[in-house]
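Notes for the one structure printed next.
Computed from heavy atoms alone, side chains included, the values below leave out hydrogens, waters and symmetry copies. The chains referred to below are lettered A, B, ... by the order of the sequence lines, with proteins before strands, and numbering in each begins at 1.
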Amino acid sequence: MPRQIDKAYSHSEVESPWYARWSEAGHFSPLRPNGHPFSMVIPPPNVTGSLHMGHALNNTLQDILCRYKRMDGYNVLWIPGTDHAGIATQNVVERQLAERGMTRIQMGREKFVEHVWAWRAEAGNTILNQLKALGVSCDWTRERFTMDERLSVAVREAFVRLWEDGLLYRAERLVNWCPRCGTALADIEVVHEESDGHLWYIRYPLLDEPSEGLVVATTRPETMLGDTAVAVHPEDERYQRFIGRKVCLPIVERPIPVIADPFVDQQFGTGSLKITPGHDFNDFEIGEKHGLKVIGIFDDEARINPSAFREEKTGPQSWLSRYALKDRFEARRLVLEELEEKGLLVKREPYRHAVGRCYRCSTVIEPYSTPQWFVKIKPLAEPAIQAVKEGRIRIIPDAWANSYFAWMENIKDWCISRQIWWGHQIPAWYCKICEASNITNQRDRTTTAGFRITPEAKPIVQIRPPSVCAKCGGGEFLQDPDVLDTWFSSALWPFSTLGWPERTEDLKTFYPTSVLVTGFDILFFWVARMIMMGLKLMGDIPFRDVCIHALVRDQEGQKMSKSKGNVIDPLVMMSRYGTDAFRFTLASMTSIGRDVKLAEERIAGYQNFVNKLWNATRFLLMNVRIPLQEPLESPLKTEELNLADRWILSRLAFTTDQARKAIDSYKFNEFAHYLYQFTWHEFCDWYIEMSKLSLNGTLRTDNPVKTQRVLFTVLKQVLLLLHPLMPFVTEEIWRTITSEGQNGFSATSERESSIMLQPYPKVDEKWIQPEAEEKVGFLTEVIRAIRNLRTEMNCPPSRKIEVVLFAPENDIAFLKSQEPYLRALARLASVKYISQGERPKKAATAVVGTTEIYLPLTEMPNLREEGMRLIKEVDKVEIELARSQKKLSNQDFLTKAKEEVVEKERKKAEQLEDKIQTLNRSLKKIQDLQVEAGP
RNA sequence: GGUCGCAUAGCUCAGUUGGUUAGAGCGCUUGCUUCACAUGCAAGAGGUCGCAGGUUCGAGUCCUGCUGCGACCACCA
């Protein structure tokens, strides 16, 4: 008995059970120890995260690759996991504490970290569960977290090795400081944003001649409290007489020198520049050159730090009490107010400039001098550049390679220490006795550690805490309070997740990983650093291919953001349209290197495709009416196939070939497109329609069982081809059509019965038949032309009519042999063939190649309409012919173009001429008839 | 300021080394209760390939300039 399935596909019923079944059956773990390894690591989402479109796209693409490779016989490993995301997570948890009126400072470090762990245990893996809904086939038995004990060992190991190789150092430097997060940031963690500000002009009077002075221009007047010089260009004629003299810094009344430095742009502002080495990167450099003092005027929260001014001559000045502990923006207001009072504020101009902000909280970054840990990056960058230059790592699309080189070549030392609590604490200890003088109490500041370790202190860097000081024999140590940049641990991800530093089997088998699929937004943050660390610590690249995909935007091309309210929630899309439709949409819109503009209608459109596939299946199941003599699996023999069979199998082979090529080169959109095109328009629109003639006996000579076998063969291959894109519906259908007792197929185990582990289709050469494709191409064109004529002549589909075909003998012979298709698909009562002599008088005309199609107008004498139509058609063809003839009359074209191109053009012109002739002949007849009929 | 990318149908985009009539999806128009599917079937309309030059027998495709949009990088106060 034929099996029945529902008329409409219901994703909610079909999708849900499969994931658990796959997972329980162990299909996601490496299953083919002898297969060629294919491995990927997931770009670990932040534990704080929840699934957004970016994740959905990223993981869909990865899953497509994994499922494809797994089916294709590879030993596939895809490692999932999450990132502890130091600052981001700490911020989230702190915000939650704040809602309960608590701060982490009140809690203390140990309790706070415990609290974050507890929070993570409770809520941290939401995103992984959301990923499962997407159908991702990660190996969950190998799930990792960047703060797992084993990964923490890897982090310490990496740190120690870099230290021992002289690639780490600790130094007091101006760094990007986020006063809100209370930590240093790396350069790339600062987002530069244009914003409207002001340029303030301030007079600095000469110390010995107060009536004279220099006017400086600044966007940050409050930093003047830390000025230690004023600089002018050495060749600036206006200021020659000031160079070497001293000005009196207003408010503080600090005497500071006027120095000459070519860095100063004479054109900008007044041409004299205030120098604040403590709070400006340029000024810091100039200060170093000129031996200027660095005065840090702020504390960790960017408030005026009174102790910074202890050394000022005027002692605990009266002005200081106004400024002490004032926030930098409040301080700015006060400074401006005071300068105004003193008549030293010359003018104010509106000014647009870039302001650096924290990438985690958007607070304006303060350049701030603090002791930090740095990675000496050049020695790491060099080999990383080479690896890409030499093609050992391919960046796809290669346009991104340029960005990669540009960044790597200008890279600066990487600040890896963070003054937060959530993360890997730096494995460096200080002997409390030896370093007593270098450990300073910082109670007058708000530093969260409560102390600071000067850059002179000698750290003991090792994996475990030391027990005895080698120098003094002391046993008490202070661990460096800083934690590592989150990206330090993610840089190790491709090997730390495989068990490094232990030499595990996984590492041996799966490193380097095959491909990394990621967004361009973390190319520098993550990809570049993985390459550097992989090369350094593993001595090998971390992955061969880097497949960079774009951002998901809304349909207007805007970034999706909560504040804009244009966020499309993947979970909502999945439940509304089905995961398969959603995944298919993402893939079909992913043209590498281009942003994905997502509109909900598209997803709805592909839901129809899923339904189409479902109904094709339904058709097949309904038409297996007779008991099968032989199992459907038996190979198809070329000699028993008819033209349509050979055609669809040839198209299937073509599609298989194209699909493989597309996916092999990460062209996900093409992959989806070829399969969509074939499934809907070739298989469903044409072949299934044609097969009905065999199945219902119209084609008496054809064997319906053979046709059923072709149908099932094609459907099964389509399912296999589509599975990476649409895992759920393909599995459901697969099991339905291959289930026990059905069609002679019997699976002996869960593993055998899942579509996930079937071999991915390969091109079967014997199915490629250009001759069948050409013939069916001709046949369908004729059918289309007839349908077109019918529509144009308002001939309803229900009315069966006769057409006359005028063609050369061989075409007629062919068309006669295919007449059942003509009649059924063009809805004809009969076909008349003429190879010479008179064409019908009263008929609508169309031309396909050398075949003329006449649709008699006896019953629908709409001569005027047909006349107009023909005129239009002739016009069109004549334009084309003219273009072709122009080419052919060009001597240069005839001599210089390739022979086959010229030959093609000749044939084309010939055909067009014939066509015009035919059309004109018909037109003449129509016009004659119109005259006969009278006005 | 530097670098890179993009501009093709109403919308979103394909278009491989230059070579028949530039394609798809969605949308639109018209007709159809055709025995898998109205989440459908059939037919159709719609494009000076951003602008201006150049190379070439031939340019959506290669080169130059311009315009517009976008991204990334950047210490000019």
Spacing of M690(A) atom CE relative to rA36(B) atom P, expressed in whole Å: 17 Å
Would you say the rings of W680(A) and Y676(A) are close, in the sense that their centroids are separated by under 6.0 Å? yes
Can we say K412(A) and D187(A) salt-bridge, meaning some charged N sits less than 4.0 Å from an Asp/Glu carboxylate O? no
What integer number of Å spans the P atoms of rC26(B) and rU20(B)? 27 Å
Ignoring backbone atoms, test whether W686(A) places a side-chain nitrogen or oxygen under 4.0 Å from the OP1 or OP2 oxygen of rA42(B). no
Under a 3.5 Å cut-off on both pairing distances, which runs of 3 or more consecutive Watson-Crick or G-U pairs involve RNA chain B? B:1-7 with B:67-73, B:10-13 with B:23-26, B:28-32 with B:40-44, B:50-54 with B:62-66
For the pair R869(A) and E866(A), find out whether any cationic side-chain nitrogen is under 4.0 Å from an anionic carboxylate oxygen. yes
Is E689(A) side chain donor-acceptor paired with the rA36(B) base, going by distance under 3.5 Å alone? yes
Residues from residues 269-277 of chain A sitting under 4.0 Å of RNA chain B, heavy atoms only? G271(A), L273(A)
Is the distance from OP1 or OP2 of rA77(B) to the nearest side-chain N or O of Y351(A) less than 4.0 Å? yes
Note: contacts of residues 605-615 of chain A with RNA chain B (heavy atom, under 4.0 Å) are Q607(A), N608(A), N611(A), K612(A), N615(A)
Tabulate atom names and distances for all N/O pairs under 3.5 angstrom spanning the protein and nucleotides 44-47 of chain B.
from	atom 1	to	atom 2	distance (Å)
rG44(B)	OP1	N788(A)	ND2	2.9

If the cut-off is 4.0 Å, is K692(A) near the phosphate of rA36(B), judged by side-chain N/O to OP1 or OP2? yes
Set out, line by line, the N/O atom pairs under 3.5 Å between protein and nucleotides 55-61 of chain B.
from	atom 1	to	atom 2	distance (Å)
rC57(B)	OP1	K896(A)	NZ	2.4
rC57(B)	O2'	N890(A)	ND2	2.9

Measuring to OP1 and OP2 of rC26(B), would you say a side-chain N or O of R602(A) lies under 4.0 angstrom away? no
Output all residues satisfying salt bridge (charged side-chain N to carboxylate O under 4.0 Å, His left out) with K907(A), sequence neighbours left out; order by chain, then residue number. none
Could you tell me whether V264(A) contacts a base, only the sugar-phosphate backbone, or nothing, with contacts defined as non-hydrogen atoms closer than 4.0 Å? base
Are E288(A) and R173(A) ion-paired here, with the side-chain N under 4.0 Å from a carboxylate O? no
Does H681(A) put a side-chain nitrogen or oxygen below 4.0 Å from OP1 or OP2 of rC41(B)? no
How far, in whole Å, is rG27(B) from rC41(B) if one measures between their P atoms? 12 Å
